[in-house]
2 protein chains.
Amino acid sequence: MTITPRIHRMTKQRQIILDVLKKTESHPTADWIYEKVRQEVPRISLGTVYRNLRVLKEMGDIQELNYGSTYSRFDGNTKPHYHFVCLDCGDIMDIHVPVYTELDKDAAEETGGKVEFHRLEFYGICSGCIQ
Amino acid sequence: MTITPRIHRMTKQRQIILDVLKKTESHPTADWIYEKVRQEVPRISLGTVYRNLRVLKEMGDIQELNYGSTYSRFDGNTKPHYHFVCLDCGDIMDIHVPVYTELDKDAAEETGGKVEFHRLEFYGICSGCIQ
DNA sequence: GTACGTGCAAATATTTTGCAGCAGT
DNA sequence: ACTGCTGCAAAATATTTGCACGTAC
C-alpha cells in the first residue's frame, strides 16, 4: 500500500504558461500571464492559469513572489537570486549579487530548526524613478 | 497653497490594536487581531481594524508581512530583524542574528537605485516540527 | 466646531473549486 | 483506457470603501 505520486502531464496550456514565464524579464501577475497566454489559446480560463502556476511551482519550475502587495507575482528564473522592489513604481527586478548561503547556517543555529533556503528583497527607489 | 498633512488621532480602537500587536510574540493576521480587540471593544468592525493597520503602518509603528500566503500578517516589532517561516506549520518567528546593512550598499551599486531597507526570511522546518 | 474615525454593509480583488467533458500518456 | 486536465461558472477568501453618525483635538 504505497502512495503513488501524482503524475503531471505536459499539456499545451501548461507548456505555453511556462514558456511565457521563461521568456519574460518582468515578474508578472497571474492576470498578466492569462492575457498573454490568451493570445495563443483564446479559450483558456483564468482558473487553468492558476492551477498550472501551482503545479509548475510544486515541480520547482517557477517561483511565486508575494512582496508588498495583495496579489502574487511569478518568476520563471529558478536559480537562487535576490530582488529589488521599487517603492515608487512597484516594479520588481532581479539583482545580480552573489547569494550568501552561509546565512542559512547562522539562522539554523539560532532557531534550532532546519533551513532550506532564504529570500532577500531590497526595497527602495529604482534608477528610473530617481531622476 | 501648501499641502496640509493628515493628522492622526489616537482613538481607543487604534490604541488597543497597537497594544495587542506590541504585546504578542506571534505575527497575527488581521482577523486574529480583530477577534482579540473584540474582547475589549465588542462592536469594532473588521474594516476599522484594516484601516487602523494601514495607518499604523504608514506611521511606522508596525510592519506588514506577506510571506508565502495570500493574507498579510502584522508585526509590532519595528526594530530591524529577520524572520524564519516554517514550511510545515506555517509559523513565523523572529530571528536574532545581526542585521547586515552593508548588503544595501551592494544592491544599490548593482541597480543604480537607492536602497531604503531590505527584508530577509529563512524558510525551513522549525525545531518543533522536526521531532 | 472641524474633520478624522467608526460601524455597518456592500463592493472589490484575487484565488480556488465542483463538475462534466476533453486529452496526454 | 485511465486519470489528469480543461473551460465554465460559482464560491471562497481577503481587503477596501461609501455613507451617516460619532468623537478626539
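Everything numeric here is computed off the predicted structure, so don't read it as measured data. So you know, we letter chains A, B, ... as the sequences are listed, proteins then strands, and number each from 1.
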Review point. Do A:Arg9 and D:dT3 share a donor-acceptor pair, side chain to base, under 3.5 Å?
Key: yes

Check your understanding: When you match A:Thr48 and B:Ile7 each to their closest nucleotide on DNA chain C, which lands nearer the 5' end?
Key -> B:Ile7

Practice item. Using atom CG of B:Asn52 as one end and atom P of D:dT15 as the other, report the distance to the nearest whole Å. Key: 15 Å

Exercise for review: Quickly work out the A:Arg14 CZ to D:dG7 P distance and round it to whole Å.
Suggested key: 12 Å

Point to revise | Any donor-acceptor N/O pair, B:His27 side chain to B:Ile92 backbone, under 3.5 Å | key: yes

Review point. How far apart are the C-alpha atoms of B:Arg38 and B:Glu35, what are their side-chain angles, what is the distance that settles it, and do they pass the salt bridge (Lys or Arg N to Asp or Glu O under 4.0 Å) test?
Key: CA-CA 5 Å; B:Arg38 218 136 73 105; B:Glu35 292 301 339; 3.3 Å; yes

Exercise for review: Name the nucleic acid region contacted by A:Leu46, choosing base, sugar-phosphate or nothing; use a 4.0 angstrom heavy-atom cut-off, strictly under.
Suggested key: base

**Study point:** B:His8 side chain near C:dG5 phosphate (N/O to OP1/OP2, under 4.0 Å)
**Key:** yes

Review point. Per the atom types in the model, does the base of D:dG7 pair as donor or acceptor with the side chain of A:Arg51 at under 3.5 Å?
Key: yes

Review point. Under 3.5 Å, is there a donor-acceptor pair between the B:Thr48 and B:Gln13 side chains?
Key: no

Review point. Does A:Thr11 make a side-chain N or O approach to OP1 or OP2 of D:dG4 shorter than 4.0 Å?
Key: no

Check your understanding: Choosing from D:dC8, C:dT14, C:dC8, which nucleotide comes nearest the side chain of A:Tyr50?
Key -> C:dT14

Point to revise | A:Val41, nearest nucleotide to its side chain (from D:dT15, D:dC25, D:dG7) | key: D:dG7

Point to revise | Length of the CG-P vector between B:Asn66 and C:dT14, whole Å | key: 14 Å

Point to revise | Any A:Arg43 side-chain N or O less than 4.0 Å from OP1/OP2 of D:dC8 | key: yes

**Study point:** OP1 or OP2 of D:dG7 under 4.0 Å from side-chain N/O of A:Gln13
**Key:** yes

Review point. Within the structure shown, what part of the strands sits under 4.0 Å from A:Ser72 by heavy-atom distance: base, sugar-phosphate, or nothing?
Key: sugar-phosphate

Exercise for review: Using the six-membered ring of A:Tyr82, assess whether NZ or CZ of A:Arg119 lies under 6.0 Å from its centre and within 45 degrees of the ring axis.
Suggested key: no

Exercise for review: Tell me what A:Asp31 touches on the nucleic acid: a base, only sugar-phosphate, or nothing, going by heavy atoms under 4.0 Å.
Suggested key: nothing

Exercise for review: Check whether more than 12 heavy atoms from other residues, nucleotides or ligands sit under 6.0 Å from atom NZ of B:Lys22, and answer yes or no.
Suggested key: yes

